[in-house]
Student: 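One structure follows; several queries about it will come next.
All figures in this text were calculated on a predicted structure; none of them were measured in a lab. A note on names: the letters A, B, ... follow the listed sequences, proteins ahead of strands, and every chain is numbered from 1.
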Amino acid sequence: MEPKFDAGKIESRIYARWETQGHFKAGANAKPDAETFCILIPPPNVTGALHMGHAFNNTIQDILIRWHRMQGDDVLWQPGMDHAGIATQMVVERRLEEQGEPDRRELGREEFLRRVWTWKNQSGGEIIRQLKQLGTSCDWSRSRFTMDKGFHDAVLKVFVELYNQGFIYRGKRLVNWDPHFETAISDLEVEQVEVEGTMWHFRYQLADGARYEHPLAEEAGGQPVGTETRGYLVVATTRPETLLGDTGVAVHPEDPRYQHLIGQSVILPLTRRRIPIVADTHADPTKGTGAVKITPAHDFNDWSVGERCGLPAINIMTGRATLALRNNAEFLEGCDVLPEALNLDGLDRYEARKRIVELAGEGGWLDAAVDDSHTVPHGDRSKVAIEPFLTDQWFVDTRAIVGPALDSVRSGRTRILPEQYEQTYFQWLENIEPWCISRQLWWGHQIPVWYDEDGRQYCATGEAEARALAGNRILVRDQDVLDTWFSSGLWPIGTLGWPDSTPEMERYFPTDVLVTGFDIIFFWVARMMMMQLAIVGEIPFHTVYVHALVRDEHGKKMSKSIGNVVDPLELTERYGADALRFTLTSMAAMGRDLRLAENRVAGSRNFVTKIWNAARFLKINDCQKETMPDPADVTHPINRWIIAHTARTAHATNDSFATYRFNDAANGLYDFFWNRFCDWYIEFSKSLTAEKDSDLAGETRATLLWTLKQSMLLLHPVMPFITEEIWQELQLGTKDLIIADWPDLDPAEYCDPATEAEIDWLVALIGAIRSTRSQLRVPAGSTIGLTALRIDDRGRRILVEHSEQIGRLGRISGWSESRNRPAEAATLMVGDCEFCLELAGVINLDDERARLAGDIAALGRECTEMEARLANPRFVTRAPAEVVEKVREQLRGKQVEIDAKSGALANLKG
RNA sequence: GGGUGAUUAGCUCAGCGGUAGAGCACUUCGUUUACACCGAAGGGGUCGGGAGUUCGAUCCUCUCAUCACCCA
């Protein structure tokens with residue numbers, strides 16, 4: 001074996017071996033009549049590059065998959081990729097631009113889509129190669145893409161079914177419009193951004209020369225200081241550019257300033273349009289001037305006001321958020337537009353804003369401009385401000401299909417872990433809004449609806465079918481594509497072959513666990529639930545494991561613009577995939593963010609090295625030539641001790657995986673392997689194998705090998721590469737480790753409490769010797785004698801049986817039993833047994849006196865505290881008997897120790 | 001404005017009714033049959049503040065403060 005574990009070299013070799021041997025295939029290693037276990041990968045975007053979130057997400061999935069595969073379950077980890085509508089179209093458009101090629105519009109839809117496919121086939125899916133570097137054991141032979149023919153067919157079929165059931169409809173609605181991509185987006189794709197802006201106050205003339213008394217500032221008592229006669233109403237807005245589309249002004253019905261104006265009209269500046277003053281509670285008397293202009297076509301709140309008050313909606317913008325005035329019949333009707341207003345035609349919305357404020361200033365109707373910070377919706381991809389825009393779009397009537405998705409989680413048929421996320425899920429689904437699913441893009445699933453000349457809709461899975469429905473009419477297909485999340489919402493059934501009744505659907509659906517970050521509970525989890533239940537009447541998965549978001553070491557979200565992104569592949573190159581995986585696993589406590597500090601990865605790499613060296617030690621000692629023992633036949637207490645610990649660790653690891661406590665599993669294995677197996681057992685084994693040909697040496701070598709084998713099995717789901725390499729190197733099994741049998745070690749069978757207690761006592765004795773030596777600065781290389789002053793039969797037996805271990809690990813030359821304390825000695829205790837180390841000529845008696853006095857003082861404090869508790873009658877009567885007894889026992893032990901150490905101290909003083 | 005979570009050793013985090021743990025960092029010693037990416041021994045915390053429940057609270061309840069995230 002090489003002295004160092006060369007992760008880079010070995011990982012790629014091992015991965016290739018697994019793949020060529022077909023170990024990732026669905027059902028590999030399945031026992032006859034096996035249970036199935038299926039995970040669907042959250043499909044990464046075809047444009048994606050592996051980030052830490054992917055690394056974490058896929059490590060957890062891989063652990064579950066490998067663990068179940070080793071248990072002999074029929075395992076399927078279904079991989080694939082998402083076509084990622086906007087993201088991909090963006091990438092390809094940018095490339096066209098960079099290469100000086102004609103843009104999308106010049107190419108035309110068909111040619112552009114051809115270019116996207118070419119890009120996808122040449123450069124898409126880099127992330128799959130990156131996932132493989134992590135060691136993910138997906139069944140790559142089944143990889144699916146959301147634009148594959150079969151998947152596409154499934155998407156269209158679902159659309160048609162939901163359409164026919166009335167759950168999908170088309171309507172003219174105000175939607176979130178992204179002026180950069182010129183498409184509608186859903187509520188979820190909108191981010192609220194806090195912006196420092198201005199609130200402008202404009203004077204709208206009252207119609208028919210009306211006037212009113214406007215109260216000036218109020219006194220504390222609420223009485224106006226005075227009034228002012230006004231022929232205008234002041235409205236406040238942060239969006240002057242929408243002014244030309246105003247169709248009303250709203251005031252609060254109970255606002256005494258304006259109440260009497262309700263029902264009158266104002267004249268909209270620049271257009272001389274006569275618009276009514278309406279009463280609506282949306283107008284907040286405490287904000288702005290209390291009078292708010294209403295632009296139903298360009299604001300969600302105003303849209304509702306318009307509906308309530310019967311105001312028309314006038315669209316004054318194009319899809320690129322420029323003003324559309326000159327040829328806009330809707331706008332021009334019913335008003336008398338000033339020429340300077342018409343000149344705004346074609347201006348960008350922010351230019352128009354500037355000009356309108358200028359015109360207001362020039363025209364004398366700008367009343368005030370007040371600094372104001374407010375939130376502005378932005379597109380999550382484009383990062384430009386969203387424009388509420390009145391267009392025809394397709395919607396899913398989510399309220400009609402949300403019920404079963406709520407019920408399934410409420411009833412526990414689908415579990416969400418940790419439970420707190422159930423609340424998040426309920427909260428969103430209980431208040432769900434219609435889902436806008438049409439996108440004005442080209443890359444995606446084109447909506448399967450055709451229109452005839454009269455605008456009648458024919459929804460069908462193909463043109464021929466649509467024609468059959470339409471008779472002889474001329475049909476035109478809807479140009480829009482579906483939201484990417486509509487197709488990802490069908491990932492469960494779509495990847496398993498629906499609508500055909502495939503063996504995969506039969507076997508693996510509903511799937512078992514969905515592993516995902518909380519940020520896509522709404523985008524994806526909730527929609528999969530709704531859609532699977534609506535289409536096949538079944539939940540898509542039994543358990544949703546929601547994991548934390550990976551942040552940088554100071555808790556910031558990793559982002560390219562902040563520049564705090566830690567590249568998982570870079571860490572993998574420097575420390576190895578196993579080290580990264582182990583780190584992420586050991587930090588995967590449920591329900592919290594995960595801050596990744598690089599030194600944790602370095603620590604895990606050290607663990608990898610430790611494992612490698614332990615295996616080398618076994619190899620150097622020819623352990624692999626031993627036949628595996630039946631643990632029941634092992635006789636030496638030290639060997640029985642490590643077997644017991646191994647069984648307990650196996651049990652705990654299995655429990656931890658079963659309850660998704662991945663960090664407990666990782667940390668438990670770390671502690672067992674390093675602190676138990678390496679630090680104690682391997683050290684003990686060195687004495688036991690001293691006589692190479694003895695039965696004891698053989699048994700010990702076999703136990704070493706057995707323990708290493710169990711360790712490799714248990715660690716494999718978390719650290720697949722190094723464990724497989726050692727497995728092969730030491731020939732630990734006939735099959736590859738990835739498909740070896742998961743340990744099933746019943747603690748009742750393998751554990752032996754009496755023997756374990758004995759070895760624990762031995763460990764405590766050696767620990768006490770080492771500690772005393774160190775505190776008294778006994779030279780590390782010197783060997784010294786041990787005297788037992790007070791000892792029981794068991795202690796005596798252990799001393800006899802393991803004298804070599806004590807000698808070797810405690811640097812003890814020999815031991816004797818005596819009632820007389822040597823003159824120059826240090827005292828130590830293990831339980832009730834008292835020992836001293838003979839240190840004539842070495843010990844500084846003052847050091848020992850100080851040490852004993854310190855110990856006695858500390859013990860005294862503990863005793864005082866325990867005595868006080870026992871003296872409290874309420875404690876003695878109300879606390880559980882075993883707790884009281886435990887304290888009594890502890891107190892007794894401490895008192896024995898104080899007595900012994902006080903005796904030793906007195907002896908030294910004398 | 002509404003909601004959720006957090007506040008534990010210098011740093012990153014576990015734990016969660018019986019009086020605190022890990023990794024890294026730090027101190028001292030050390031090359032003895034794998035490993036200095038190592039071994040041995042240590043130091044370090046009134047578990048954010050205050051109040052309550054309890055025989056007992058880091059853990060439960062209330063409250064305050066600070067931070068983070070989600071939704072308006």
Side-chain angles (χ1 to χ4, degrees), chain A residues 1 3-5 187-188 190-192 300-301 375 377 418 420-421 423-424 427-428 431 518-519 521-522 548-549 551-557 575-576 579 582-583 586-621 623 661 663-664 666-668 670-671 674-675 678-679 682-683 685-687 689-690 692 704 766-781 783 808-811 862 865-866 868-880 882-884 886-887 890:
Chain A
M1 279 173 87
K4 298 264 182 206
F5 177 72
D187 299 342
L188 286 178
V190 174
E191 291 171 351
Q192 300 296 333
F300 287 103
N301 287 317
T375 57
Q420 69 200 66
Y421 287 110
Q423 279 309 116
T424 312
Q427 208 178 320
W428 191 67
N431 299 294
F518 68 83
D519 49 332
I521 291 180
F522 306 144
L549 223 58
R551 300 173 181 279
D552 77 0
E553 59 188 298
H554 305 296
K556 289 225 168 62
K557 201 167 172 171
Y575 300 104
F582 185 84
T583 306
S586 69
M587 297 181 79
M590 264 200 255
R592 276 189 63 156
D593 287 348
L594 184 158
R595 297 190 195 192
L596 187 70
E598 190 173 320
N599 68 24
R600 287 292 294 254
V601 187
S604 302
R605 185 270 324 269
N606 295 351
F607 183 41
V608 170
T609 309
K610 188 76 183 175
I611 295 170
W612 185 250
N613 282 309
R616 280 179 63 222
F617 175 81
L618 266 68
K619 180 110 182 185
I620 289 165
N621 283 281
C623 292
R661 301 181 65 92
N663 56 324
D664 285 350
N667 294 327
Y670 181 99
D671 181 58
W674 198 317
N675 302 330
C678 291
D679 287 350
I682 287 187
E683 291 310 318
S685 79
K686 289 173 182 173
S687 297
T689 55
K692 281 195 169 32
L704 277 164
I766 294 169
I769 292 170
R770 285 169 165 177
S771 179
T772 308
R773 292 179 60 118
S774 176
Q775 283 173 38
L776 295 175
R777 286 173 292 202
V778 177
T783 54
R808 194 187 140 74
L809 301 179
R811 309 238 98 206
E862 290 178 63
E865 193 271 332
M866 283 189 272
R869 272 207 282 168
L870 288 170
N872 180 353
R874 288 154 63 100
F875 172 67
V876 179
T877 51
R878 298 210 191 178
E882 61 267 28
V883 172
V884 178
K886 201 172 133 198
V887 174
Q890 276 175 353

Student: Using a cut-off of 4.0 Å on non-hydrogen atoms, how would the nucleic acid contact of Arg773(A) be classed: base, sugar-phosphate, or nothing?
Tutor: nothing
Student: Is any side-chain N or O of Arg600(A) under 3.5 Å from a base N or O of C24(B), one able to act as donor and the other as acceptor?
Tutor: no
Student: Picking from C35(B), U33(B), C24(B), which would you name as closest to the side chain of Lys610(A)?
Tutor: C35(B)
Student: Considering only G30(B), C37(B), C16(B), which nucleotide approaches the side chain of Arg661(A) most closely?
Tutor: C16(B)
Student: Is it the case that A34(B) (base atoms only) and Glu683(A) (side chain only) share a donor and an acceptor within less than 3.5 Å, ignoring hydrogens and angles?
Tutor: yes
Student: What is the base-pairing partner of C62(B), counting Watson-Crick and G-U wobble geometry with both distances under 3.5 Å?
Tutor: G50(B)
Student: Does any nucleotide pair with C38(B) by Watson-Crick or G-U wobble geometry, both distances under 3.5 Å, and what is it?
Tutor: G30(B)
Student: Provide, to the nearest angstrom, the distance between the CZ atom belonging to Phe875(A) and the C1' atom belonging to U19(B).
Tutor: 11 Å
Student: Please test Asn667(A) against Asn663(A) for side-chain hydrogen bond (donor to acceptor under 3.5 Å, both in side chains), starting from the C-alpha separation and ending with a verdict.
Tutor: CA-CA 6 Å; Asn667(A) 294 327; Asn663(A) 56 324; 6.0 Å; no
Student: Could you check how far CD of Gln423(A) sits from C1' of C69(B), rounded to whole Å?
Tutor: 16 Å
Student: Who does A68(B) pair with, Watson-Crick or G-U, both distances under 3.5 Å?
Tutor: U4(B)
Student: Counting only Watson-Crick pairs (N1-N3 plus N6-O4 or O6-N4) and G-U wobbles (N1-O2, O6-N3), all under 3.5 Å, who is the partner of U19(B)?
Tutor: none
Student: Out of A14(B), U19(B), G23(B), which nucleotide sits closest to the side chain of Asn663(A)?
Tutor: A14(B)
Student: Taking CD from Gln420(A) and P from G5(B), how many angstroms apart are they, rounded to a whole number?
Tutor: 6 Å
Student: Quick one: Arg605(A) CZ to C37(B) C1', roughly how many Å, whole number?
Tutor: 5 Å
Student: Quick one: Trp612(A) CH2 to C38(B) P, roughly how many Å, whole number?
Tutor: 17 Å
Student: May I ask you to decide whether Glu865(A) forms a salt bridge with Arg869(A), counting only side-chain N to carboxylate O separations under 4.0 Å?
Tutor: yes
